[in-house]
Amino acid sequence: MIVPSGIGKKRLSLLQDKVVLHGGRLVSSFEEEGRLTHVIVDDMLSIDGFKKYVEDEARVAGVPVLKTQWLSRCLAENAIIPLGEHQMFAMPKICPTVLVGTSLGHPHEEQTKEISINKDGFACAHASGMKTDNVNQLITEELGKLAKIYKNSNDHWRALTYERAINQIKKLPKPISSYEEAKVLHGIGPSLADKIWEIVEQGKLRKAEKLSEGEKVRTLELFTSIWGVGATTAELWYGMGLRNLNDVKTKAHLTHQQQIGLKCFDDLLERMSRAEAGEIAAVIRKAVEELCPGTQTFACGSYRRGKSTCGDVDVLVTHPDGVSHEGLFQPLLKKLKLSGFLTDDLMIQEQSTAQQKYLGVCKLHKENAKYRRLDIIVMPYGELAPALMYFTGSAHFNRSMRLLANKMGMSLSEHGLRAGVVRQGREKVNDGHLLETPTEASIFQHLGLEYRPPEDRDH
DNA sequence: ATCCAGACGGG
DNA sequence: CCCGTC
DNA sequence: GGAT
Ligand SMILES: O=c1ccn([C@H]2C[C@H](O)[C@@H](COP(=O)(O)OP(=O)(O)OP(=O)(O)O)O2)c(=O)[nH]1
Ligand SMILES: [Mg+2]
């Protein structure tokens with residue numbers, strides 16, 4: 001008998017199917033007396049909840065009550081394995097107080113005053129897993145498919161959950177082999193554990209397979225891979241009956257960005273080698289140096305995190321004297337365009353605003369060079385550290401760190417770290433005051449985190 | 001029930 | 001303002 | 001979807 005309380009609907013039916021498949025017999029009511037051999041319950045089911053379900057304890061007298069983990073393992077090994085530690089409660093006994101908990105040793109160095117925030121739930125508090133040893137690649141790939149599908153259809157919170165779960169799984173040193181192992185992880189609930197379980201058992205996700213075949217999903221995927229087209233526009237176009245790039249070119253109203261996106265469509269789908277990213281950054285550095293000696297440039301993004309391929313090149317420009325960065329942008333862009341290096345603009349700073357950002361497309365002067373995305377930001381020297389933090393990422397690392405800052409009554413952006421921020425819900429009521437952040441390390445310090453080099457911020 | 005990062009440019 | 005992007 |  002499987003007690004359904006706390007076991008997801010889907011997981012329950014999967015377990016039931018499996019039991020039958022393996023020659024087991026499901027008992028669904030207490031009427032079939034004397035034929036009950038094992039009772040399966042969710043790990044978190046309390047003794048009271050259990051008693052309530054069976055109504056009369058005598059009905060299950062002497063029958064072992066086991067965690068779902070026991071059933072999972074029996075099914076995996078195709079044998080009745082020893083009950084041992086899988087026993088939930090031998091019927092006349094009492095319920096163990098806590099079965100799973102976050103009782104791992106907390107090497108906590110919290111400030112003794114104020115409410116301490118447990119940073120274990122924040123990705124920015126942990127090194128990202130090694131790029132080489134993702135032992136759960138199958139799981140992360142399958143979940144990634146669904147994450148992308150949800151993102152493309154504007155269900156971005158669901159997509160966020162999937163991405164967080166994937167990052168969590170990537171850090172694991174050992175393969176996940178059961179529902180229970182997955183469910184314990186922060187950010188993985190019944191639904192995701194369910195899916196992970198299916199991947200482990202079946203080697204794939206039927207839901208992802210089914211959805212990926214659909215015309216809508218495939219079309220949204222195509223449209224959103226155009227630079228400047230997001231889920232909303234893709235859905236709009238799909239609703240208008242557009243189905244391929246030719247439809248889009250001839251029937252849709254295209255922004256300037258989307259026109260460039262289409263022009264460079266194939267090239268921009270690719271990532272470039274780390275070496276090429278270095279060459280592109282060097283072109284900017286040389287031009288900047290010629291225009292204004294002493295100006296500093298940093299290649300950030302995935303390049304600074306040490307990745308072997310880069311989706312684009314992210315260059316941060318600043319000047320140690322604190323003022324020479326002003327007015328540098330226009331001449332720089334002019335120079336790079338004149339040389340034929342910059343081929344198209346995607347976004348240019350409306351001058352006289354704080355942020356100085358350029359997004360565009362460039363091409364090296366080589367045979368068979370491809371169009372590459374290029375991002376340049378010019379920042380005042382006083383904002384160098386927070387700007388480096390921001391532009392180095394990863395995006396998930398930034399979001400995690402900013403969330404932590406938020407929870408601590410602070411606010412982190414590329415411009416600085418502020419304390420004493422007061423919020424009403426999401427709305428800021430008081431901006432608080434700027435903290436001194438001379439280095440990246442100082443930002444970690446303010447947030448009570450151990451410093452992490454760029455390579456370990458790859459979440 | 002509410003939050004999930006915070007900022008910028010294009011249109 | 002909404003959308004898309006970093 | 002998940003955590004609080
Ligand atoms: O939503 C985002 C996207 C980016 N960034 C920051 C972190 C990121 O590292 C940097 C550069 O963005 P990019 O999109 O280039 O990411 P990347 O980390 O460089 O990866 P890729 O190799 O795909 O370019 O800007 C954010 O803070 N939030
Ligand atoms: Mg990048």
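Throughout, protein chains are lettered first and strands after them, A, B, ... in sequence-line order, and every chain is numbered starting at 1.
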Colleague: Classify the nucleic acid contact of A:Ala159 as base, sugar-phosphate or nothing, counting any heavy atom under 4.0 Å across all strands shown.
Modeller: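 Since no nucleic acid heavy atom lies under 4.0 Å of A:Ala159, the category is nothing.
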Colleague: Between A:Arg402 and B:dA7, is there a contact of a side-chain N or O with OP1 or OP2 at under 4.0 Å?
Modeller: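 For B:dA7, OP1/OP2 do not have a side-chain N/O of A:Arg402 under 4.0 Å.
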Colleague: At under 4.0 Å, does any side-chain N or O of A:Ser411 touch on OP1 or OP2 of B:dA5?
Modeller: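 So the side chain of A:Ser411 is outside the cut-off, no N or O lying under 4.0 Å from OP1 or OP2 of B:dA5.
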Colleague: Return the NZ to NZ distance between A:Lys207 and A:Lys195, rounded to the nearest 0.5 Å.
Modeller: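 Reported value, rounded in 0.5 Å steps: 5.0 Å.
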Colleague: Hey, could you give me each pair passing ring-ring contact (aromatic ring centres under 6.0 Å, His included) that has a residue in residues 204-249 of chain A? Not counting sequence neighbours.
Modeller: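 Listed by first then second residue: A:Phe223-A:Trp237.
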Colleague: Ring of A:Phe391 versus six-membered ring of C:dC6: centres under 5.5 Å and planes under 30°?
Modeller: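 A:Phe391 vs C:dC6: stacking no.
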Colleague: From OH of A:Tyr390 over to C1' of B:dA7, roughly how many Å is that when rounded to an integer?
Modeller: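 In whole Å, B:dA7 C1' and A:Tyr390 OH are 7 Å from each other.
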Colleague: Applying a 4.0 Å non-hydrogen cut-off, can you work out what A:Arg418 is touching in the nucleic acid: base, sugar-phosphate, or nothing?
Modeller: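 Nothing, no heavy atom under 4.0 Å.
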Colleague: Starting at atom NE2 of A:His415, determine the distance to atom P of B:dA5, rounded to an integer number of angstrom.
Modeller: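 It is 18 Å, rounded to the nearest whole Å.
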Colleague: Under 4.0 Å, heavy atoms only, any strand: does A:His156 hit a base, just the sugar-phosphate, or nothing?
Modeller: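 A:His156: no heavy atom of the nucleic acid under 4.0 Å.
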Colleague: With respect to the side chain of A:Leu192, which nucleotide from B:dC8, D:dG1, C:dC3 is positioned closest?
Modeller: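 Within the option list, the nearest is D:dG1.
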Colleague: Heavy atoms from C-beta onward define the side chain here; which of B:dG9, B:dA5, C:dC6 lies closest to that of A:Leu359?
Modeller: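 Nucleotide nearest to A:Leu359's side chain: C:dC6.
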Colleague: With no hydrogens and no angle check, just 3.5 Å: does a side-chain donor-acceptor pair link A:Asp266 and A:Tyr371?
Modeller: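 A:Tyr371 and A:Asp266 do not have a side-chain donor-acceptor pair below 3.5 Å.
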Colleague: In this structure, how many angstroms lie between the C1' atom of B:dG9 and the CG atom of A:Asp375, rounded?
Modeller: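 The distance from CG of A:Asp375 to C1' of B:dG9 comes to 13 Å, rounded to the nearest Å.
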Colleague: Over how many whole Å does the gap from A:Leu236 atom CG to C:dC3 atom C1' extend?
Modeller: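 After rounding, the gap between these two atoms is 12 Å.
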Colleague: At less than 4.0 Å, is any side-chain N or O atom of A:Trp227 found next to OP1 or OP2 of C:dC6? Yes or no.
Modeller: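 Yes, such a contact exists.
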Colleague: Please determine, for the side chain of A:Leu403, which listed nucleotide (B:dA5, B:dA7, D:dG1) has the closest atom?
Modeller: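 Nearest nucleotide to the side chain: B:dA5.
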Colleague: If I pick the P atom on C:dC6 and the same atom on B:dC4, what distance separates them, to the nearest angstrom?
Modeller: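 Taking atom P in both B:dC4 and C:dC6, they lie 22 Å apart.
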Colleague: For the pair A:Phe444 and A:Tyr451, name the ring-plane relationship: parallel under 30°, tilted 30 to 60°, perpendicular over 60°.
Modeller: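 If you compare the ring of A:Phe444 with that of A:Tyr451, the planes turn out perpendicular.
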Colleague: Measure from CG on A:Leu143 to P on D:dG1 and round the result to the nearest Å.
Modeller: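 Distance check: A:Leu143 CG to D:dG1 P gives 11 Å.
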Colleague: Distance check needed: B:dC3 P versus A:Arg164 CZ, whole Å only.
Modeller: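 Rounding to the nearest Å, CZ of A:Arg164 and P of B:dC3 are 14 Å apart.
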Colleague: For A:Thr232 and C:dG4, is the shortest distance between a side-chain N/O and OP1 or OP2 below 4.0 Å?
Modeller: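 True: A:Thr232 side-chain N/O within range (under 4.0 Å) of C:dG4 OP1/OP2.
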Colleague: Have a look at A:Asn398 and say if it touches a base, only the backbone sugar-phosphate, or nothing, with a 4.0 Å heavy-atom cut-off.
Modeller: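 Counting heavy atoms under 4.0 Å across all strands, no contact is made by A:Asn398.
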Colleague: Give one of base, sugar-phosphate or nothing for A:Asn406, where a contact means two heavy atoms less than 4.0 Å apart.
Modeller: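 A:Asn406: backbone/sugar contact only, no base atoms under 4.0 Å.
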Colleague: Going by side-chain contact (heavy atoms from CB on, under 4.5 Å), A:Cys362 matches just one of A:Leu374, A:Ile284, A:Leu336, A:Asp344. Which one?
Modeller: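 Only one option passes, and that is A:Leu374.
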Colleague: Would you please confirm or rule out a distance under 4.0 Å between OP1 or OP2 of B:dA5 and any side-chain N or O of A:Arg399?
Modeller: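 For B:dA5, OP1 or OP2 has a side-chain N or O of A:Arg399 closer than 4.0 Å.
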Colleague: Indicate whether OP1 or OP2 belonging to D:dG1 is found under 4.0 Å from a side-chain N or O atom of A:Ser191.
Modeller: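 Yes, within the criterion.
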Colleague: Can you work out whether A:His253 or A:Leu160 has the more 5'-proximal nearest nucleotide on DNA chain B?
Modeller: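 Result: A:Leu160.
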Colleague: Send over the distance from A:Glu427 CD to B:dA5 P, rounded to a whole Å.
Modeller: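 Those two atoms, CD and P, are 15 Å apart.
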Colleague: Ignoring the backbone of A:Trp157, work out which of C:dC6, B:dA5, B:dG9 is nearest its side chain.
Modeller: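 The listed nucleotide nearest to A:Trp157's side chain is B:dA5.
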Colleague: Find the distance between CG (A:Leu211) and NZ (A:Lys148) and round it off to the nearest 0.5 Å.
Modeller: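 It is 14.5 Å, given to the nearest 0.5 Å.
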Colleague: Say we look at B:dA7 and D:dG2: how far apart would their C1' atoms be, to the nearest angstrom?
Modeller: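 Their C1' atoms lie roughly 26 Å apart.
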Colleague: Remember a base hit wins even if backbone is also touched, and classify A:Ser400 as base, sugar-phosphate or nothing at under 4.0 Å, heavy atoms.
Modeller: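 Answer is nothing: A:Ser400 stays at 4.0 Å or more from every strand.
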Colleague: Taking for each residue the nucleotide of DNA chain B bearing the nearest heavy atom, is the 5' side occupied by A:Gly425 or by A:Met347?
Modeller: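 Result of the comparison: A:Gly425.
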Colleague: Does the side chain of A:Thr392 come under 3.5 Å of the side chain of A:Arg304 through a donor N or O and an acceptor N or O?
Modeller: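 On atom types as modelled, these side chains qualify, holding a pair under 3.5 Å.
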Colleague: Select base, sugar-phosphate, or nothing to describe what A:Leu316 touches, counting heavy atoms under 4.0 Å on all strands.
Modeller: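 The residue A:Leu316 makes no contact with any strand.
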Colleague: Answer yes or no: side-chain N or O of A:Thr161 and base N or O of D:dG1 forming a donor-acceptor pair under 3.5 Å.
Modeller: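 Flag set: donor-acceptor pair detected.
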Colleague: Can you find a side chain N or O atom of A:Lys195 that sits less than 4.0 Å from OP1 or OP2 on D:dG1?
Modeller: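 A:Lys195 to D:dG1 OP1/OP2: side-chain N or O found under 4.0 Å.
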Colleague: For the pair made of CG in A:Leu412 and P in B:dA7, what is the distance, rounded to whole Å?
Modeller: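 So the two atoms are 9 Å apart, to the nearest Å.
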